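Notes follow the structure.
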Amino acid sequence: MSNGADLIRQMAEGDAEAFARFYDRYAPLIYPLILRILPDPTDAAECLQDVFWESRQRARTYDAERATPDAWLVTQARERAIDRMRGARRRRDAAPLGTSPRPRLAEATAPLERSAAVDRSVLMRAFERLPDPQREALELAYYGGLTQTEITARLKQPLGTVKTRLRLALDRLREMVKPT
Amino acid sequence: MSVSHEPFDTFAALHAVGALDGDDLRAFEAHLAAGCDRCATLVQQTEQALARAAMAGPPEPPPSAVREQLVKRAAAAGAPGRRRWLPWTLGIVAAAIATGAFSAAYVAARYEARLGQMARETAAAKERVARTEAELREELALLRDPTTLLVELRGQAAAPGAVGRVLWADGGGGLLLATQLPPPPPGKVYALWTLAGDAPRAAGVFVPDESGRATLRVAADGSGGPVRVLSVTVEPAGGASAPTGAVALAPR
């Protein structure tokens, strides 16, 4: 069975079969993350399609020295999902007042009710094992796509505090999920 | 390694989760560009930890239509990412328009086009810088030449308020700098003349900018003899073999 890096190399050569196998292997693992960021299933499915097509188009530039196939794909998936979420947020913000609810903190951190599979994800469990202030900051950044300045405004905490919480959260996360 | 690597350890972690912004982001990007392996590794490890956690959960099958569309599209497309610009870009745009669903590919094509434009602009900018550098080197050589003379020119009938200076070296040519020159009459230009032997030699024509300034680089006079006179006259735009028009600048 080919590993992820082999499949990416074959995809880069235009191997349609390798592309299908790459999708079969990774799509069910990536989809929960996209759903977490884009709760609307139509949005999430479109995003998933974009992510995989883009991964095929960019396969030639994949560098196994720089990222594992997992990290390569998850980074793309998260970026695309957050781009879409921001686009939707901008459109919603541009709507006349009263026609659409303003984005709320809860939207970025709302627990996902749709899928038990998502709720059980190791990532969420890892997040849950963080102290609340660290988890809150990390969820706003990872799922909400907010920057340190935006998180500072949301949480009404000093910038230095937000940076420290994120740093500690990510240090702990690295420890929690590091290969054994 | 510096004595303290902070704040870059923190920046690296935050960068991996996309939370860095503002001055911190600029400082970190510059730090990474300077080649900090420690930060590059930390970003990579953090991204991989997030990916590992994200993909370790129970799978969630996506809608089957996504796979069907992707497989169909991949079968119709050639090998991805080859550097055949026009067919590739056209192919991407056509597919995006035809399906109306693959916005990422359309965006990619636009980025490619923009990158092409940026590459052309960069090449043009490099060429301009190279030209400017060559000109500056010539001017510097002129200034360093111990035989270089400074010839002051005064405004004459055609440009009474004008002032000019010429740096001139018989073996290395010269540089005319003039200010307060009025625009030449329609169809006319200013022409610089050098007189080394008996006949004046055309050393170039020019038009001042909107502020009345002009700079003209003059190649070395091939006559070999020392230049005795420099002057500027108003001549037809097509040029003249000898000064015929009113004098604009002449030595004091």
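These values consider heavy atoms only, across backbone and side chains, with no hydrogens, waters or symmetry-generated copies. A, B, ... follow the sequence lines: proteins, then strands. Residue 1 opens every chain. The shown structure was predicted, so the numbers you read here are calculated from the model rather than taken from an experiment.
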From CA spacing to verdict: side-chain contact (heavy atoms from CB on, under 4.5 Å), A/Arg174, B/Leu42
CA-CA 10 Å; A/Arg174 271 201 312 276; B/Leu42 191 54; 3.5 Å; yes
Passes side-chain contact (heavy atoms from CB on, under 4.5 Å), B/Glu47 versus A/Trp72? Steps please. CA-CA 9 Å; B/Glu47 284 177 353; A/Trp72 185 68; over 6 Å; no
- Decide yes or no on side-chain contact (heavy atoms from CB on, under 4.5 Å) for B/Val66 and A/Tyr23, but give the supporting numbers first. CA-CA 10 Å; B/Val66 175; A/Tyr23 179 87; 3.4 Å; yes
message: Checking B/Glu60 against A/Arg36 for the salt bridge (charged side-chain N to carboxylate O under 4.0 Å, His left out) test, could you report, in this order, the C-alpha distance in whole Å, the side-chain angles of both residues, the deciding distance, and whether it holds?
response: CA-CA 12 Å; B/Glu60 170 97 351; A/Arg36 182 67 172 81; over 6 Å; no
(message) Between B/Val71 and A/Phe19, does the side-chain contact (heavy atoms from CB on, under 4.5 Å) criterion hold? Intermediate values first, please.
(response) CA-CA 8 Å; B/Val71 166; A/Phe19 180 49; 5.6 Å; no
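Of all the heavy atoms in A/Leu170 and B/Leu14, the pair that sits closest is CD1-N, 4.2 Å. Closest of all the heavy-atom pairs between B/Gln48 and A/Thr68 is NE2-N, 3.3 Å.
By the 4.5 Å heavy-atom criterion applied to side chains, B/Arg73 and A/Arg56 are not counted as neighbours.
Looking at B/Gln44, only its side chain comes within 4.5 Å of chain A, counting heavy atoms on both sides. Only the side chain of A/Arg78 comes within less than 4.5 Å of a heavy atom of chain B; its backbone N, CA, C and O stay farther away. For a residue to count as touching a neighbouring chain, one of its non-hydrogen atoms must lie under 4.5 Å from one of that chain's; by this rule B/Pro63 touches chain A with backbone and side chain alike. In this structure, chain B has no heavy atom under 4.5 Å from any part of A/Ala59. For A/Asp24, the part lying under 4.5 angstrom from a heavy atom of chain B is the side chain only.
Note: B/Pro62 leads B/Pro62, B/Ala13, B/Pro61 in heavy-atom pairs under 4.5 Å with chain A. Interface summary for chain A: among B/Ala19, B/Ala65, B/Ala40, B/Ala51, the most heavy-atom pairs under 4.5 angstrom belong to B/Ala19.
Counted within 6.0 Å of CZ on B/Arg165, heavy atoms from surrounding residues, nucleotides or ligands total 12 or fewer; the atom is thus considered open. Counting heavy-atom neighbours within 6.0 Å of A/Arg86 CZ, excluding the residue itself, gives a total above 12.
Rounding to the nearest 0.5 Å gives a distance of 7.5 Å between CG of A/Asp171 and OG1 of B/Thr46. Of the inter-residue distances, the one linking B/Arg67 atom CZ with A/Gln49 atom CD reads 13.0 Å to the nearest 0.5 angstrom. The CG atom of A/Leu173 sits 5.5 Å away from the CG atom of B/Leu50 when rounded to the nearest 0.5 Å.
A donor-acceptor contact closer than 3.5 angstrom links the side chains of B/Asp21 and A/Gln148.
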